[in-house]
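Worksheet: the structure to be examined is printed underneath.
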Amino acid sequence: MTDYKATLNLPDTPFPMRGDLAKREPQMLARWQEQQRYRKIRAAKKGKPLFILHDGPPYANGDIHLGHAVNKILKDIIVKSRTLAGFDAPYVPGWDCHGLPIELVVEKKHGKAIPPAQFRELCRAYAMEQVAKQKKDFIRLGVMGDWDHPYLTMDFRTEAEIIRALGKIHERGYLYQGYKPVNWCLDCQSALAEAEVEHEDKVSAAIDVGFEVLDKGALDKAFGVSLPGDAKVYAVIWTTTPWTLPANQAVCVHPELQYDLIRTEKGYLILAYDLATQCLARYQLGGSNDRGDGMAATCKGSALEGLLLQHPFYERSVEIICGDHVTLEAGTGLVHTAPAHGMDDYAVGQKYNLPTDNPVGGDGKFLANMPLVGGLFVWKANDVVIEALQNSGHLLHIEKIKHSYPHCWRHKTPIIFRSTPQWFIGMDNVGHDGAEGVERLVREKRSHSAENEKSDGVTLRDLANKAVEHTEFFPAWGRARLESMIRNRPDWCVSRQRNWGVPMPFFVNRETGQLHPRTSELLEQVAQRVEQDGIEAWFSLNSVDLLGEEAEHYKKLTHTLDVWFDSGSTHFSVLRKREDLAYPADLYLEGSDQHRGWFQSSLLTGCAIDGQAPYRQLLTHGFTVDEKGYKMSKSRGNGIEPQDICNRLGADILRLWIASTDYSGEISLSEEILKRVTDSYRRIRNTLRFVIANTADYDHSIHALPVGEWLEIDRYALAITQNLQDRIVADYDRYEFHQIVHKLQIFCSEDLGGFYLDILKDRLYTAGADSRARRSAQNALYHITRCLVRLIAPILSFTAEEAWAVLCGQEDQSVFVGEWHALPSSSQYQVDMADWQCITAWRARVNKQLEEARAAGQIGSALAAEVDIHAAGRDHDVLARLGDDLRLVLITSRATVHRAANEAGQRIEVAASRHDKCERCWHYREDVGADASHPTLCGRCVSNLYGSGEVRNHA
């Protein structure tokens, strides 16, 4: 008895159905590293156009978390897709290695009583440990890059180039020393960059304080009144920082606002007209505006300018001044002004030449010689100040309020504004010509100026704004966000009072405080030393070695640079210096918080050095949250670590989740989401396995057919594959990865699995092994497979490389050596897409009818059915021309088309076949047993096995 199952062309492949990714992926990584796969890809792409994605360096401290994985995998998808698009797209990972967090870890482990040089060595060693640990986890994610040669901001050469970048900015005229308020963390005891500050709710004491008017004559003149000589008059301020009152130097009003002089039982009060009613209610006072003639005593703020007031608890007088920053959002309309403790206060204080005396030390305590609050911590001083105001009668009201207040992003503790001598990059400084972008913008400004106008010159803010205009943003709303930040940001304080950081190697004159006249030359000499011995070359330097006899007149600075300067200048210290990279970068990609962080620091250093942004495109992604939208954290217990996902499910599952999510907003993850992603992965993998298995005996060099000789449905499959590739490549170019995953899922489950491959099984399994019908199908599958593997490769990199090794028969071949698959040109074949859309629509309707018949018990499988279709007009013609191939498309044993008179007469009739079932192909056919030698076979199977083979034209 013949075993007809053995005569079928059943699929065969070493590509397994189960991915077993958690086990296989580490083995693949080991092979890739042994083969130096990244180097081979770079060699293959040499000479291609460059695409540079510059890596924003993660901080070298602690294990990587899900946010790191999102960031690195998005970068990897882009680099790999650009590689397949025909670019040489190197990826050099980096790490940010200096700064306070590492100092804190070393202090906690070794204590503070360590010599500075030894302390820095311990910091360097700890950073190296963290880099090694993070690198291992990043590699496990399948991220392709030059892991053997990453860039570290603590590499000696990089440290030297950071110093040179500082020198360039100094030469351009953007760097200056100033004594002004900066964000000051009381725990760090150091200045903070804007990006290191976050706003959280804080409960503060909000107080209304009266400053007694000293010059009654000026007051009478301003309001047009004549008050009694013994009248008490108070200008009332409102503040949530009572501790800053010891530094008060003025009271500020808006020049254009209206102010009332109001008589109350507490005396006369000066309040903004629009806020007076609610202020009096707060103070529980009645009041009237009185000039003695029934008229309201009101004047503009400008009329009060110069009015002398008495400080509420110090023996000094202060003036009323005018400032446009005064608003009516809260308070009294009069603003307590302490230039040492706020940028608005500082700015208006400069206009009026107010002193910027800072009474608070770096530890947050008032200087010992300060009356009333000497030696007190600022928060404790709040209570002392309030008590003094109560005792003197100057306190009109106090209440606790919850409001948004700046906090240190590391310690999560409130910060203060504190004037200190620091180094700044001036946003409104006019730079020296020389950089290409500066010269271009100067020309633009001149061309846009009227002939009789004088150009004010190009500021760093001008350059940054222009650079933002020329940058492409993904998503587009990032432009407005960065524009607003540049428009409103203060000067950048780049100096820090830390140990572990790149030094600001300046010498300042001990008497004048001015930089050494040979600063640029000296900076280069220091940079050369740092290039050899690291930052210790500066800290251990004897000034005499560089200055000779001048050394006694100059002070060697101990400031270090803000770590945002370190990473923000890597376009200069890394992109410009490595032969495998180029400047400017095509793309910077980071989390959306980096508009105020790395994107901005890079923009400012790029504009200060070169007059342009160091990037052409900016892409931002959101943050990870759980399925309820809560931020993932250890305290909530809702975090899912990338290491755990890789160990349980495999990195490709993690990669598929990241790609399938719209990263422009919050990125949700839960075990349920991972389960759905795993199911999606299985559908893609099973599709891939099917097409690979059914081309196992296909050799393209032998079996390739002209596309015009393929069966029509195979040409249709090729056309929809071309359409898919065009759309997905466009999505890769736009960085819309979730659209790619969606298209791939539909293609695999519906276009292929639900239609083409479902129809194809009969032909692949039952037709003659070397028949035109089967080879036509394999020709199509050859192109579909190679296209599909490449399209998934940037996302499902492990799976794609595994499949590629099977297709090529060589484990050392990488899919990323090539480019997107070159499908046969549409000029080589014809296919009527409208016809096949009609066919697929009717097939869907037939399937619905078959399912209903199956549910009713009329048939078992679809092959047990015979179908009669009554179709009208063009639909009839399209279906009828398929002839007997229509039943193969519908996967029924018979399908007959009848012409309906009109659309109303269109219908589908399903009946169970009355014929016998072919043992080999399972079709129910009238000719089963017609050949006595093969009583269980249909005529088609007999022909395929022992005759000339069946003839197919369409499917």
Side-chain angles (χ1 to χ4, degrees), residues 2-13 687 689-718 721 752-753 755-785 829 831 836 839 843 861-863 881-895 913 915-931 933-934 936-955:
T2 303
D3 178 10
Y4 290 115
K5 182 178 180 181
T7 69
L8 296 172
N9 310 305
L10 295 178
D12 180 36
T13 178
T687 301
R689 185 175 188 274
F690 180 91
V691 294
I692 292 173
N694 279 286
T695 53
D697 66 335
Y698 176 83
D699 184 334
H700 193 63
S701 64
I702 298 172
H703 302 128
L705 296 172
V707 183
E709 296 180 13
W710 295 7
L711 269 63
E712 186 179 357
I713 195 172
D714 299 327
R715 299 198 299 273
Y716 170 69
L718 181 65
T721 302
L752 293 184
F755 182 74
Y756 180 60
L757 299 183
D758 197 27
I759 296 167
L760 212 57
K761 289 174 185 175
D762 179 82
R763 183 160 33 124
L764 288 168
Y765 299 168
T766 68
D770 197 34
S771 65
R772 170 181 170 269
R774 185 165 178 270
R775 292 305 186 195
S776 171
Q778 288 182 316
N779 269 259
L781 291 182
Y782 169 86
H783 289 289
I784 291 170
T785 305
Y829 64 96
V831 60
W836 281 97
I839 292 165
R843 186 176 187 270
S861 70
L863 283 174
R881 75 175 179 80
L882 295 182
D884 194 47
D885 284 3
L886 178 61
R887 71 181 178 90
L888 302 174
V889 170
L890 301 178
I891 315 181
T892 58
S893 287
R894 179 183 64 78
S913 177
H915 302 300
D916 291 335
K917 177 181 178 181
C918 175
E919 179 184 352
R920 182 170 181 268
C921 71
W922 295 3
H923 284 242
Y924 292 76
R925 301 291 291 170
E926 184 178 2
D927 59 358
V928 171
D931 188 326
S933 302
H934 306 284
T936 60
L937 297 187
C938 65
R940 181 177 69 116
C941 282
V942 171
S943 177
N944 284 335
L945 287 175
Y946 308 109
S948 58
E950 65 178 317
V951 176
R952 298 185 185 218
N953 294 308
H954 304 288

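Predicted model only: the values in this text are computed from it and were never measured.
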So, Y946 versus H934, ring centres under 6.0 angstrom or not?
yes
Heavy-atom closest contact (C941 atom, R920 atom, distance):
SG-NH1, 3.5 Å
Please assess I713 against F755 for the test side-chain contact (heavy atoms from CB on, under 4.5 Å), listing each intermediate value before the final yes or no.
CA-CA 10 Å; I713 195 172; F755 182 74; 4.2 Å; yes
Okay, side chain of R952, backbone of D885: is any donor-acceptor separation there less than 3.5 Å?
no
Out of curiosity, C938 SG to D927 CG, how far, rounded to the nearest 0.5 Å?
5.5 Å
Testing the basics here: between L705 and N779, what is the closest heavy-atom pair and its distance to 0.1 Å?
N-OD1, 2.8 Å
With a 3.5 Å distance limit and no angle check, can you tell me whether S943 reaches the backbone of G939 through a side-chain donor-acceptor pair?
no
According to the ring-ring contact (aromatic ring centres under 6.0 Å, His included) rule, which pairs have a member within residues 756-778, sequence neighbours left out?
none
For the side chain of R763 and the backbone of A773, is there at least one donor-acceptor N/O pair under 3.5 Å apart?
yes
Please find the pair of heavy atoms, one from T13 and one from A693, that lie closest to each other, and give the distance.
CG2-CB, 3.5 Å
Donor-acceptor under 3.5 Å (R894 side chain, S913 main chain)
no
Output all residues satisfying side chain to side chain donor-acceptor pair (under 3.5 Å) with D699, sequence neighbours left out; order by chain, then residue number.
S701
Atom pair CD1 (I839) and OH (Y716), whose distance is rounded to the nearest 0.5 Å:
8.5 Å
Show the numbers, then the answer: is there a side-chain contact (heavy atoms from CB on, under 4.5 Å) between D931 and L937?
CA-CA 8 Å; D931 188 326; L937 297 187; over 6 Å; no
Go through D762 and R940 one step at a time and tell me if the salt bridge (Lys or Arg N to Asp or Glu O under 4.0 Å) criterion holds.
CA-CA 12 Å; D762 179 82; R940 181 177 69 116; 2.7 Å; yes
side-chain contact (heavy atoms from CB on, under 4.5 Å) for L8 and T766? Distances and angles first, verdict last.
CA-CA 6 Å; L8 296 172; T766 68; 4.0 Å; yes
Can you tell me how far apart OG1 (T892) and NE2 (H923) are? Round to the nearest 0.5 Å.
8.5 Å
Taking atom OG1 of T721 and atom NE2 of H783, what is their separation to the nearest 0.5 Å?
10.0 Å
Can you tell me how far CG of L888 sits from CD1 of I759, rounded to the nearest 0.5 angstrom?
9.0 Å
Ignoring hydrogens, what is the shortest heavy-atom contact between N9 and G768? Give both atom names and the distance.
ND2-C, 4.3 Å
Hey, does L10 have a side-chain heavy atom less than 4.5 Å from the side chain of K5?
yes
Between A955 and L711, which heavy-atom pair has the shortest distance, and what is it?
C-CD2, 3.6 Å
What is the distance from atom CZ of R774 to atom OH of Y698, rounded to the nearest 0.5 Å?
11.5 Å
Considering non-hydrogen atoms only, spot the tightest contact between I784 and A717 and give its length.
CD1-CB, 4.1 Å
For atom CD of E926, is the number of surrounding heavy atoms from other residues, nucleotides or ligands below 6.0 Å larger than 12?
no
Any non-hydrogen side-chain atom of I891 less than 4.5 Å from a side-chain atom of R843?
yes
For Q778, the option from D714, T695, N694, D697 that meets side chain to side chain donor-acceptor pair (under 3.5 Å):
D697
State whether the side chain of N944 and the backbone N or O of E950 hold a donor-acceptor pair below 3.5 Å, judged by distance alone.
yes
Checking side-chain contact (heavy atoms from CB on, under 4.5 Å) for the pair K917/V928: CA distance, chi angles, key distance, verdict?
CA-CA 7 Å; K917 177 181 178 181; V928 171; over 6 Å; no
